[in-house]
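Only one structure is covered here, and it is reproduced in the block below.
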2 protein chains.
Amino acid sequence: MDVANQINASHANVNQEQRQFEQKHFIEEVGLLFEMVGLPRMAGRVFGWLLISNPPYQSPGELAAVLQASKGSISTMTRLLVQIGLIERISLPGQRRDYFRIKLDAWSELTKQRMAQITAFRRLAERGLELLHDEEPNLRRRLEEMRDMHAFCERELPLMIERWEQQRLHSQ
Amino acid sequence: MDVANQINASHANVNQEQRQFEQKHFIEEVGLLFEMVGLPRMAGRVFGWLLISNPPYQSPGELAAVLQASKGSISTMTRLLVQIGLIERISLPGQRRDYFRIKLDAWSELTKQRMAQITAFRRLAERGLELLHDEEPNLRRRLEEMRDMHAFCERELPLMIERWEQQRLHSQ
DNA sequence: TAGAATGTTTAGTAAATACTGAACTCAGCA
DNA sequence: TGCTGAGTTCAGTATTTACTAAACATTCTA
């Protein structure tokens, strides 16, 4: 190996390390963001790596190695992420191992998921109004507000998702 | 007290107890729902009681008594709820004590709050795309999807809140 | 200015949760 | 039929979080 090649190799190494550093940073940030929305940090790390990995599908073993986590943790987190619709399990033809990858419609899935919570809030407001059924209107207002706002979202959010999916189809 | 009055009083007592039972049930349900969206259960209890209490404003002491919680816990939870915009502190004229009550626009506040998270997700997607800047398009697609969906929500949600507030003004 | 009543801060505890590591299961192969 | 290699389940640990209780601060009253 001549000097020029050595330098090139050394540069390549620096770039490689720099790249890995940035990847790890990215993964940690996704982890923190997931924690912010009430999901386990490790689920965020798995998701984060699947967002930037090459190839875009990864086996549980690869995930455990890259994220330096136990196989058990990976198993739990992939199950969770599949359950909430953010990733999916795929089996490539001619290979016995299973892989995981980001679901392309992950985000509209997530919004649909949130609809259940909104419905729960609307129902709770209605139960509260039953409790106050013989009270004066201004005591009932706060609960009516809560009910109406959530009913509004229950109507509007599906329309919004529809508009999004329409727009996506168009641009492709 | 004659027999008829005794019976009436007894009935009233039963109703009173029934009512309190239903109130406590309601409070607990709000607590559980709050836990579901990643907030402390006690914050949900405070919010739940403020939804059905009469009068609609309550002092920290009253909250502690009704919810059978420590003053410290109430203090922390009211601070949290004020911070995320679900309740507000009011001081009635001629009274030194402060009270808390549900903010009437609590729900649009909450949606605005979520905008920050959506922006964070969009920014993260953009950072990811920088990491993959020289990769092939199909590797970049998952991140573009994430970026575009969140950018879409950043545009649409404020419009939705606006429509809601418009509609609310109309119906009042 | 002392005293009482109310609310906040903080140190400590109890409970929930995330994560690990080992045992177990299952599929392919010698 | 054992053996290897990958993945899941589960029991245990360690960390975080929610909550309490007591000390402290503040403001009105005597």
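Remember, predicted model here, so these are calculated numbers, not experimental data. Each chain gets a letter, A, B and so on, in the order the sequences are listed, and its residues count up from 1.
Atom-to-atom, CE of Met36(A) to C1' of dT17(D) comes out at 17 Å; the value is rounded to the nearest Å. Put simply, CD on Glu62(B) is 17 Å from P on dA5(C), counting in whole angstrom units. Note: CG (Asp98(A)) to P (dA6(D)) measures 14 Å, nearest angstrom. Rounded to an integer number of Å, the gap from Leu32(B) CG to dA16(C) P is 12 Å. When rounded to the nearest whole Å, the span between CD1 of Ile74(B) and P of dT8(C) equals 11 Å. Here the C1' atom of nucleotide dT8(D) and the CD atom of Gln83(A) are 17 Å apart, to the nearest Å. Whole-Å rounding puts the Gln68(A) CD to dG21(C) P distance at 12 Å. With rounding to whole Å, Arg45(A) atom CZ is found 10 Å from dC19(C) atom C1'.
Listed candidates were dG7(C), dC19(D), dT20(D). Nearest to the side chain of Lys71(B) is dG7(C). Comparing dT8(C), dG21(C), dA18(C) against the side chain of Ser75(B) picks out dT8(C) as the nearest. Of the candidates dG7(C), dT9(D), dC19(D), dG7(C) carries the atom nearest the Ser59(B) side chain, counting heavy atoms from C-beta on. Closest contact between the side chain of Ser73(B) and the listed nucleotides dT20(D), dT8(D), dC19(C) involves dT20(D). When distances are taken from the side chain of Pro60(A) to each of dG7(D), dA21(D), dT9(D), the shortest belongs to dG7(D). Side chain of Met42(A), nearest nucleotide from dC19(C), dT8(D), dA18(D): dC19(C).
As judged by a 4.0 angstrom heavy-atom cut-off over every strand, Gly61(A) is placed among residues touching the sugar-phosphate backbone only. Across all strands shown, Thr76(A) has no heavy atoms under 4.0 Å from either base or sugar-phosphate atoms.
Of the charged side-chain nitrogens involved, at least one lies within less than 4.0 Å of a carboxylate oxygen, so that Arg41(B) and Glu35(B) count as a salt-bridged pair.
Between the His150(B) side chain and the Met146(B) main chain, a donor and an acceptor come within less than 3.5 Å of each other.
Taking CG of Asp148(B) as the start and CZ of Arg141(B) as the end, the distance is 11.5 Å to the nearest 0.5 Å.
For the residue pair Trp107(B) / Glu145(A), no side-chain donor-acceptor distance below 3.5 Å is found, with atom types taken as modelled. Glu22(B) and Gln18(B) form a side-chain donor-acceptor contact under 3.5 Å, judged by distance and modelled atom types alone.
Side-chain nitrogen and oxygen atoms of Arg89(B) include at least one within less than 4.0 Å of the OP1 or OP2 phosphate oxygen of dT8(C). The phosphate of dA15(C) has neither OP1 nor OP2 within less than 4.0 Å of any side-chain N or O from Arg41(B).
Comparing Gly72(A) and Gly38(A) by the nucleotide of DNA chain C that holds the closest heavy atom to each, the one mapping nearer the 5' end is Gly38(A).
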